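Only a predicted model underlies this, so the values are computations on that prediction, with no experimental measurement involved. Each chain gets a letter, A, B and so on, in the order its sequence line appears, and its residues count up from 1.
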Amino acid sequence: MTIESKQSSSPSPHPSKVAELSHFPNPQDYEGRIYQFWQDGEFFQVTSGDHRQGSPPIYTILMPPPNVTSQLHMGHGAGYSIQDWLIRWRRMKDGQAAWIPGLDHAGIATQMMVEKQLQAEGISKHSLGRDLFVKRAQQWKEKYGHEILNQFRAIGFSCDWSRLAYTLDNKRSYAVRYAFVQLFNEGLIYRSHRLVNWDPSLQTALGDDEVENRMVSGHIFYLRYPVKGGDAGQWLTVATTRPETMFGDVAVAVHPDDERFQQYHGKKVILPLTHREIPVITDNYVKQDFGTGVLKITPAHDPNDYLVGVRHGLGAIDILNDQGALQGDDVPKSFQGVDRFAARKMVVKSLKELGLFQGSDPHKHSVPYSSRSGVVIEPKLCAQWYVKMSGFAKQAATVVRQGEMSFYPENWQKTWLYWLDNIQDWCISRQLWWGHRIPVWTCENCGHVFASLEDQPHRCPKCDGQTFSQDPDVLDTWFSSWLWPLSPFGWPDDSNELDDFFPSQVLITAPDIIFQWVARMTMASLKFQKKLPFKKVFFVATVCDKKGQKFSKTLGNGIDPMDVIAEYGADALRFTAAFIAPQGGRIKMSMDDFNIGKNFIHKIWHASRFILGLCDNTSNIKPLASTTKNVWQLGLLTELAYTIDKTEDCLNNFQTQAALRTLYHYVWHALCDWGIEACKESFRMLSADDQEKKEECLSVILFAHECALRLMHPVIPFVTEELWGHLPAHPDLPRAKALCVSKYPSLTEVPSEPRVHEKWTLMQNIIQKIRRLKQVYSLPKQSYATLNVYLKIMANHRFEDQEELALITRLAQVGIVHLLSPQDTMPAKSLIDGTLYFEVAVEVGDLIDISAEVTRLSAQIKQAQGHLGGVEKKLQSEAFLARASESVVTNTKKQKQQLLEKIGSLEKTYESLLNAQDGGL
RNA sequence: GGGGACAUAGCUCAGUUGGUUAGAGCACCUGUCUUACAAACAGGGGGUCAGAAGUUCGAGUCUUCUUGUCCCCACCA
């Protein structure tokens, strides 16, 4: 079924087609109504299964599901606007396109928001209990999920709402369990006791990607550890940024070759404050020239020390509890329960009292922070679940190396490969309550540990036992996100939907989740479906404030899309976001920028008003094929054809900014500045009874205008849909029920003639030069209607048609334009300008003193001669003639000829001006 | 330390196999309420393309270095 055959049977969304458009577009008058119309028409819903009867596969884009932590910000607004642009474009082009909407439960981020909320209410999460806490989180999700969906509609996103998926709903949860169980049974998920990133505030392990390293100005402290059996005052001085971890020290290490410490090899030192004895070990890891050359080894609280500890079989002493306070048998009584930062000061103070503190130096170093809670991460030894990544990473790297998957901009490839080639296993367990519960069970009878697809397993696979305990932890939120290319389509059940929508065509997302999300989706799809989830990944720009700082809640520098919509309208938001978004990199955005979009909408609104006005007098609109097209008409249509061609080319390569600039130029300049203005003049020149010619004008301008609406619709859907409804249909542009499902203009449907376009451009240049002379020399306005203008054409275009000269005359607002042959002499007392292709003279007589023009003309001649000099030098160079391509040489020769002609003509004019000046004196 | 960039008009940025005299939007200046649009129209001014060297007949574009800014990854206690 083609779109065009769905002829209008539903009521129009518009109150009245003949109603005058208001003077100023007010988006609030129509945006809500239009969106309702789209929804009622179900225009964005995709019927799956259609394509298997011979239609092409469905063009699909997966929306990166926004977190339900809070409402959307302009970062979403900008990134999603681009997606909606592309999906609307494809829908109009192909007849079907699916944008799959979703919401992400955002495990840790949402849990934190709920905890904060509880804290504000004075409720502790533990007193509330797990079940009630999850209920609170669900309420949070309902509230913000609802708000987000409202925002989507307000911005005009054309998602297929019937396919809305949520990472924590039943189907998606089943997919998560299925994936987990499969990987578990294959041995790709395992449990391991090792050092993890611990967030003492949220009291959970974090993935490496949830840790943010910040440069901090701190101190490096020098602590003296007395040597066992040594003289009083004999000690080794260690350098550390974390004195409070000394109770967990298991050794001090020096470099084996460090001559300063040879005598201590094999000896022991006494840990101050606890009097525990620890060995002096040697390890190449120690840098002799850093600090004191003596390193304290604290395996339980430092990743590097951990490795040293493992190498030397030292064991580890954990001295911190889950909240980050000191605790344990090795911690002296007075330090028990003291927070790590308070303990730092206490240790320094105590050592000072003992004379074992040797001072401190300011020290800049990087400190890991939780990107969630913002507190300092504590490395902690504990058991967590991991996914073995090496196999996944290899595959994901290979597909990119072999060019099966590509990035826009492509430089992300290196980042991708570097990460995958150095990948660490993925820690997927979190000590949280909000998320997918880990489907691992322990049989209480035999102790067997197994993963289960069932909500509640019935019997132990090993001993038939019937009571089990489930792992209390939940999965990393990305463990559901990485299934996103599959889970919205019924996976893992055998599903036709999957055939329809998997793989999708392109992923459009922010570059900062390339590892967490993009890479892992690639891995999951390759693993579970043996296919890439998408072959192209387009990274949108990051939205920042004017200073280049990323929008953030804490800084309060963000822009709320709803504020933008209230002040400027959704179309202005979308247009502006697309217009200022660079290719990659960052968008520096401020509220004022949305005037760009607002102005454009204003412009297209008024163009429509004008054309609607023309339609009032003429009911008959001819097909284009039946019209004889004059220069501006064919010129405009050709420009339209170029625009269609270039836009398509840009969009295919995700060059959205170039595409939008092309469209902007067409609408504002080609259509409004030149097309409509020429159309007005044509109407004025035609006699009242020349109805046929007027109908031809109308046909062309209406066609060019409706194509503009169609071309712009994916970017500014509301205003174009609204205007489209007011304008009469053009016979060459069949209409569907709505603009959003009408056909996108295609090159083959637009008459074009490059030679005529060239001529129309030449005429525009001539008109601009004449206007320039009038204004630069401040000719009195009263004289305009009687000005004589002389025109020489050197380009290969003929101006025999009086209508064309008349059009120049009218658009340039002069009295009359006379055509001269290139050999003729320009009249005396005139102002001259031109290019290589033409020359114009505005005869001014004694209106103004032309001595200034004499000076300007001589400067012009000089400039042209300079240019000629350069060209001649090129042509005299044998190297140039020998090595430059033939077309370049030909062009250069042609250029030389044109320059010579121009200079000749200018000199002639110069002479006559001089004579006129003399004569006038 | 490793990697990725960026540096073009006052501001934000285009400039995709090197090829006429480098463009746009905003801002600025001048004129105009010309019956779609003053949120507009018409016109104008403004850039030794960060600096240096090299490759080339020819460099904003390619190579190297220098300077300045940003991002990512890793991390020395």
Distance-only donor-acceptor test (3.5 Å): side chain Thr415(A), base rC72(B): no

Just the rounded figure in Å: distance from [atom2] of [N] to [atom1] of [X].
X         : N       : atom1 : atom2 : value
Leu881(A) : rG58(B) : CG    : C1'   : 13 Å
Lys781(A) : rC41(B) : NZ    : C1'   : 12 Å
Leu709(A) : rA36(B) : CG    : C1'   : 14 Å
Asp833(A) : rG44(B) : CG    : P     : 9 Å
Gln768(A) : rG31(B) : CD    : C1'   : 17 Å
Leu612(A) : rC37(B) : CG    : P     : 14 Å
Lys774(A) : rU32(B) : NZ    : P     : 13 Å
Phe407(A) : rA5(B)  : CZ    : P     : 14 Å

[N] to [M] separation - [atom1] atoms, rounded to the nearest Å:
N       : M       : atom1 : result
rU55(B) : rA42(B) : C1'   : 47 Å
rC62(B) : rA24(B) : P     : 23 Å
rC11(B) : rC28(B) : C1'   : 12 Å
rA50(B) : rG43(B) : C1'   : 33 Å
rC37(B) : rC29(B) : P     : 25 Å
rG54(B) : rA59(B) : C1'   : 11 Å
rG19(B) : rU61(B) : P     : 11 Å
rC13(B) : rC6(B)  : P     : 13 Å

Please tell me if [X] has a side-chain N or O lying less than 4.0 Å from either OP1 or OP2 of [N].
X         : N       : result
His669(A) : rG23(B) : no
His365(A) : rA77(B) : yes
Asn599(A) : rA40(B) : yes
Lys874(A) : rG58(B) : no

With heavy atoms under 4.0 Å as the rule, sort [X] into base, sugar-phosphate or nothing.
X         : value
Asn891(A) : nothing
Thr240(A) : sugar-phosphate
Lys296(A) : nothing
Phe654(A) : nothing
Trp668(A) : sugar-phosphate
Glu677(A) : base
Ile676(A) : base
Arg661(A) : base
His665(A) : nothing
Asp305(A) : nothing
Arg586(A) : sugar-phosphate
Leu295(A) : base

Checking base pairs now: Watson-Crick or wobble, both atom distances under 3.5 Å. What partners [N]?
N       : value
rU63(B) : rA53(B)
rU21(B) : none
rG47(B) : none
rU69(B) : rA5(B)
rC26(B) : rG10(B)

Val667(A) vs Phe600(A) side-chain heavy atoms within contact, under 4.5 Å: yes

Sub-4.5 Å side-chain heavy-atom contact between Pro379(A) and Tyr306(A): no

With His255(A), the side-chain hydrogen bond (donor to acceptor under 3.5 Å, both in side chains) member among Arg260(A), Gln288(A), Lys287(A): Gln288(A)

Backbone of Ile604(A) reached by a side-chain donor or acceptor of Arg609(A) within 3.5 Å: no

Side-chain donor/acceptor of Asp249(A) to backbone N/O of Ala251(A), under 3.5 Å: no

Of the listed nucleotides [options], the one nearest the side chain of [X]:
X         : options                   : value
His602(A) : rA39(B), rG4(B), rA36(B)  : rA39(B)
Gln655(A) : rU16(B), rC37(B), rG44(B) : rU16(B)
Gln775(A) : rA77(B), rC13(B), rU30(B) : rU30(B)
Phe290(A) : rA77(B), rG43(B), rC41(B) : rA77(B)
Lys603(A) : rC72(B), rC37(B), rC13(B) : rC37(B)
Val286(A) : rA74(B), rG25(B), rA77(B) : rA77(B)
Arg772(A) : rA74(B), rC37(B), rG44(B) : rG44(B)
Val888(A) : rU20(B), rG19(B), rC13(B) : rG19(B)
Tyr837(A) : rA77(B), rC41(B), rU20(B) : rU20(B)
Gln895(A) : rC13(B), rC41(B), rU20(B) : rU20(B)

Cationic tip of Lys296(A) above Tyr225(A) ring, under 6.0 Å, 45° of axis: no

For the pair [X] and [Y], name the ring-plane relationship: parallel under 30°, tilted 30 to 60°, perpendicular over 60°.
X         : Y         : result
Trp412(A) : Phe539(A) : tilted
Trp668(A) : Tyr664(A) : parallel
Phe575(A) : Phe579(A) : parallel

Residue met sooner reading RNA chain B from 5', once Ala658(A) and Lys287(A) are mapped to nucleotides: Ala658(A)

Nearest-nucleotide comparison on RNA chain B, the residue closer to the 5′ end among Ile587(A) and Phe610(A): Ile587(A)

Aromatic contact, Tyr408(A) with Phe538(A) (centres under 6.0 Å): no

